[in-house]
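Count residues from 1 along the sequence.
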Amino acid sequence: MSTPDPERPTDGGSDAGTDQRDYDERYYAQGFGLPYDESEPHWANFFGGVADNIIRQLDPHTVLDAGCAKGFLVAALAERGVDATGVDISEYAVEQAVTGAKGRVRSGSLIEPLDGRWDLVTCIEVLEHMSPAETQLAIDNICSVTDRVLLSSTPYDFDEPSHINVRPVATWAQWFASRGFFRRTDLDASYITSWTIVFERRPLTPADVVYLY
């Protein structure tokens, strides 16, 4: 039996990526079930709870939200004293950033090198929108600027047209492990989704990995 190659797409992946034109006004009006803007209080409440849990669990001083959309999480973290910034491929989303995120978010692609250094990079429901090849570049770039990553990427939702790279949790664990990042099995991040993982750069032996997993 051969070992899967982290650089080679297996199931669930499309070679064609999406781009910023796919995440326009229509996407944000219809793609979330509820309007994705400040007129809908659900989002501020949800991301406020996420921010509270991130601070309680990980206590970061600086955070980059990779794929920040309109910056709800950036705003929630900043309101709680965290130096939070965000980047998103959607120029529309950045232009429509929520009040607390204005000036803290910028448009850009995760396949481009990231400048800076952060205590934590969050990446919530983003990588499944990228082609397999783009995903590998994005993981490289994320891992180059932090020692800790909070990742959520649906393993189930194949129906959304922009979900071109849906993978099981084990695949993300394999890909991050190849960069020296291993799952914090002692941390429960289900306050975001049941499949959210915290990865941390740690020098582990094979025996350590077997024990943890």
Exercise for the section: Taking the side chain as every heavy atom from C-beta outward, state whether Lys70 and Asp37 have any atom pair closer than 4.5 Å. Expected result: yes

Practice task
Evaluate whether atom CG of Asp59 has more than 12 neighbouring non-hydrogen atoms of other residues, nucleotides or ligands under 6.0 angstrom away.
Solution key: yes

Exercise for the section: State, yes or no, whether a side-chain contact exists between Val82 and Thr62 at a heavy-atom distance under 4.5 Å. Expected result: no

Practice task
With sequence neighbours excluded, tell me which residues meet side chain to side chain donor-acceptor pair (under 3.5 Å) with Arg201.
Solution key: Asp147

Exercise for the section: Can you see which heavy atom on Val105 is nearest to which on Gly71, and at what distance? Expected result: CG1-CA, 4.3 Å

Problem - Close side-chain approach of Glu91 and Val94, heavy atoms under 4.5 Å - result: no

Practice task
May I ask you to test the Leu114-Leu64 pair for a side-chain heavy-atom distance under 4.5 Å?
Solution key: yes

Practice task
Hey, can you tell me if Phe176 and Phe199 have their rings parallel, tilted or perpendicular (30° and 60° cut-offs)?
Solution key: parallel

Problem - Check against side chain to side chain donor-acceptor pair (under 3.5 Å), Thr135 and Asn165 - result: CA-CA 8 Å; Thr135 297; Asn165 191 28; 2.8 Å; yes

Problem - Distance-only donor-acceptor check, side chains Glu128 and Thr154, under 3.5 Å - result: no

Handout entry: Distance-minimising heavy-atom pair for Ala75 and Ala101
Key = CB-N, 3.8 Å

Practice task
Go through the steps to decide whether Val145 and Val121 satisfy the test side chain to side chain contact (heavy atoms under 4.5 Å, CB included), and finish with yes or no.
Solution key: CA-CA 8 Å; Val145 296; Val121 173; 4.0 Å; yes

Completion exercise
Looking only at heavy atoms, the pair that brings Leu150 and Ile54 closest together is CD2-CD1, 3.7 Å

Problem - Side-chain donor-acceptor contact under 3.5 Å, Thr99 with Glu38 - result: yes

Completion exercise
For Ala138 and Leu127, the nearest pair of non-hydrogen atoms, with its separation, is CB-CD2, 4.0 Å

Practice task
Hey, can you tell me if Phe46 and Trp43 have their rings parallel, tilted or perpendicular (30° and 60° cut-offs)?
Solution key: perpendicular

Problem - Euclidean distance, Ile111 CD1 relative to Ile139 CD1, rounded to 0.5 Å - result: 13.5 Å

Exercise for the section: Supply the atom-to-atom distance Arg117 CZ to Thr146 OG1, rounded to the nearest 0.5 angstrom. Expected result: 6.0 Å

Problem - Rounded distance [0.5 Å steps], CG in Leu77 versus CG in Asp83 - result: 10.0 Å

Handout entry: Flag side-chain contact, heavy atom, 4.5 Å: Val74 against Val63
Key = no

Handout entry: Donor-acceptor contact present, side-chain Gln96 to main-chain Ala93, <3.5 Å
Key = no

Practice task
Applying side chain to side chain contact (heavy atoms under 4.5 Å, CB included), run through Asp52 and Tyr191 and close with a yes or a no.
Solution key: CA-CA 10 Å; Asp52 287 337; Tyr191 50 85; over 6 Å; no

Problem - Heavy-atom side-chain proximity of Arg148 to Val198 below 4.5 angstrom - result: yes

Exercise for the section: Check the pair Ile142 / Cys123 against side chain to side chain contact (heavy atoms under 4.5 Å, CB included), numbers first and verdict last. Expected result: CA-CA 9 Å; Ile142 288 170; Cys123 189; 4.2 Å; yes

Practice task
Find out if a path of hydrophobic residues (ILVMFWY) with successive side-chain heavy-atom gaps under 4.5 Å connects Val126 to Tyr156.
Solution key: yes

Exercise for the section: Measure the CG-CD1 distance between Leu151 and Ile124 for me, rounded to the nearest 0.5 Å. Expected result: 9.0 Å

Problem - Any donor-acceptor N or O pair under 3.5 Å, side chains Trp195, Ser152 - result: yes

Exercise for the section: Group every Ile, Leu, Val, Met, Phe, Trp and Tyr by side-chain heavy-atom contacts under 4.5 Å, then state whether Phe182 and Tyr211 land in the same group. Expected result: yes

Fill in the blank from the handout: CZ (Arg184) and CD (Gln57) are apart, to the nearest 0.5 Å, by 8.0 Å

Exercise for the section: Return yes if a side-chain donor-acceptor contact under 3.5 Å exists between Thr205 and Asp208, otherwise no. Expected result: yes

Problem - Under 3.5 Å donor-acceptor, Glu40 side chain and His42 backbone - result: yes

Practice task
Could you verify whether a donor N or O on one side chain and an acceptor N or O on the other, from Gln136 and Arg179, lie under 3.5 Å apart?
Solution key: yes

Handout entry: Aromatic ring pairing Phe72/Phe47, orientation class (parallel under 30°, perpendicular over 60°, tilted between)
Key = parallel

Fill in the blank from the handout: Heavy atoms of Trp175 and Ser178 approach each other most closely as O-OG, 2.6 Å

Exercise for the section: Check the pair Trp172, Arg167 against side chain to side chain contact (heavy atoms under 4.5 Å, CB included), reporting the backbone distance first and the verdict last. Expected result: CA-CA 7 Å; Trp172 299 113; Arg167 305 286 176 170; 3.6 Å; yes

Completion exercise
Note: Ala69 and Asp88 closest approach over all heavy atoms is N-OD2, 2.7 Å

Handout entry: Beyond-backbone contact of Thr122 with Leu120, side-chain heavy atoms, under 4.5 angstrom
Key = yes

Practice task
Output the distance between atom CG (Asn53) and atom OG (Ser190), rounded to the nearest 0.5 Å.
Solution key: 8.5 Å

Problem - Side chains of Ser90 and Glu95 in contact at under 4.5 Å (non-hydrogen atoms) - result: no

